[in-house]
Amino acid sequence: QLVESGGGLVQAGGSLRLSCAASGSISSINNINGRGWYRQVPGKQRELVATLSPLDGTEYADFVKGRFTIARDNAKNTVYLQMSSLKPEDAAVYYCAAGVFTDMTTMAPLYWGQGTQVTVSS
């Protein structure tokens with residue numbers, strides 16, 4: 001199970017940090033080797049925001065590069081998404097995912113959290 005937290009309302013230019021805690025059951029699945037964040041707005045497909053590989057390689061969507069950072073705390077089994085310089089267009093439901101890296105940079109998501117709403121006021 002993946003549980004997100006940290007969403008909320010923030011003014012444009014502000015920051016938020018999302019957290020995604022993984023339960024022991026997911027952590028013990030051997031083929032799960034990556035984590036990621038995705039987002040979705042009504043009427044649009046879910047889109048990739050950032051991924052983190054087992055060797056701590058990171059990939060970011062172009063629209064968040066330089067503003068968002070994905071990181072992990074292995075001791076807490078938690079992945080974070082630090083979001084800065086937020087824009088109104090960043091408003092979405094953000095989903096945490098756990099999955100498998102199929103190559104050096106591509107993760108196939110297999111498990112999803114319930115999502116957390118991020119709202120950015122202009």
Side-chain angles (χ1 to χ4, degrees):
Q1 185 179 9
L2 298 171
V3 179
E4 300 107 332
S5 61
L9 172 64
V10 64
Q11 286 189 331
S15 299
L16 279 177
R17 188 178 77 160
L18 306 182
S19 300
C20 174
S23 68
S25 58
I26 282 185
S27 301
S28 65
I29 298 173
N30 291 333
N31 64 328
I32 297 299
N33 62 8
R35 302 283 290 277
W37 287 95
Y38 296 72
R39 70 186 190 186
Q40 189 171 22
V41 297
K44 291 190 175 182
Q45 286 191 330
R46 193 170 297 186
E47 60 185 359
L48 172 69
V49 175
T51 58
L52 182 63
S53 77
L55 297 180
D56 286 341
T58 56
E59 293 290 326
Y60 296 94
D62 287 343
F63 52 78
V64 303
K65 281 182 180 177
R67 301 188 298 124
F68 291 11
T69 302
I70 187 170
R72 76 168 96 234
D73 183 333
N74 288 327
K76 296 182 178 180
N77 232 349
T78 298
V79 172
Y80 303 96
L81 184 68
Q82 179 67 48
M83 306 186 293
S84 303
S85 302
L86 283 160
K87 306 174 182 179
E89 52 263 43
D90 292 319
V93 177
Y94 282 72
Y95 295 91
C96 172
V100 178
F101 268 77
T102 55
D103 58 37
M104 289 294 291
T105 61
T106 306
M107 189 184 87
L110 299 177
Y111 299 92
W112 295 95
Q114 81 285 357
T116 185
Q117 177 72 50
V118 171
T119 304
V120 184
S121 63
S122 57

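Note that the structure is predicted; figures quoted are calculated from it, not measured.
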Ignoring hydrogens, what is the shortest heavy-atom contact between T78 and S19? Give both atom names and the distance. CG2-CB, 4.3 Å

When rounded to the nearest 0.5 angstrom, what is the spacing between CG in L2 and OG in S23? 7.0 Å

Of the non-hydrogen atoms in E59 and T105, which two are nearest, and what is the gap between them? OE2-CG2, 3.2 Å

With hydrophobic residues grouped by side-chain heavy-atom distances under 4.5 Å, do M107 and L48 end up in a single group? yes

So, taking the atom named CD in Q82 and the one named CD1 in I70, what distance separates them when rounded to the nearest 0.5 Å? 12.0 Å

Could you grab the distance from atom CD of E89 to atom OG of S122, nearest 0.5 Å is fine? 10.0 Å

Validation row: R39, V118 side chains within 4.5 angstrom (heavy atoms): no

Interatomic spacing from OH in Y60 to CG in L81 - rounded to 0.5 Å: 7.5 Å

Would you indicate whether the side-chain heavy atoms of F101 and T51 approach each other to under 4.5 Å? yes

Return the minimal non-hydrogen interatomic distance between A98 and R35, and the atom names on each side. CB-CD, 3.8 Å

V41 to A92 - nearest heavy-atom pair and separation: CG1-CB, 3.6 Å

Heavy-atom distance under 4.5 Å between the side chains of Y80 and C20, does that happen here? no

Test your reading of the model: is there a side-chain donor-acceptor pair from E4 to the backbone of G115, 3.5 Å cut-off? yes

Under 30°, 30 to 60°, or over 60°: which ring-plane class applies to Y94 and F68, parallel, tilted or perpendicular? tilted

Output the distance between atom CH2 (W37) and atom CG (L18), rounded to the nearest 0.5 Å. 4.5 Å

Does K87 come within less than 4.0 Å of D90, counting only side-chain N to carboxylate O? no

Should V93 and Y38 be counted in the same cluster of Ile, Leu, Val, Met, Phe, Trp and Tyr side chains packed under 4.5 Å apart? yes

Check: V120 and M83 side chains under 4.5 Å, non-hydrogen atoms: no

Looking only at heavy atoms, which two atoms of I32 and L110 are closest? And how far apart? CD1-CD1, 3.8 Å

Starting at OG1 of T69, measure out to CG of L52 and round the result to the nearest 0.5 Å. 11.5 Å

Just so I know, are the side chains of S53 and M104 near enough to count as touching, which here means a heavy-atom distance under 4.5 Å? no

Taking all non-hydrogen atoms of both residues into account, name the closest pair between S15 and S85 and its distance. OG-N, 4.4 Å

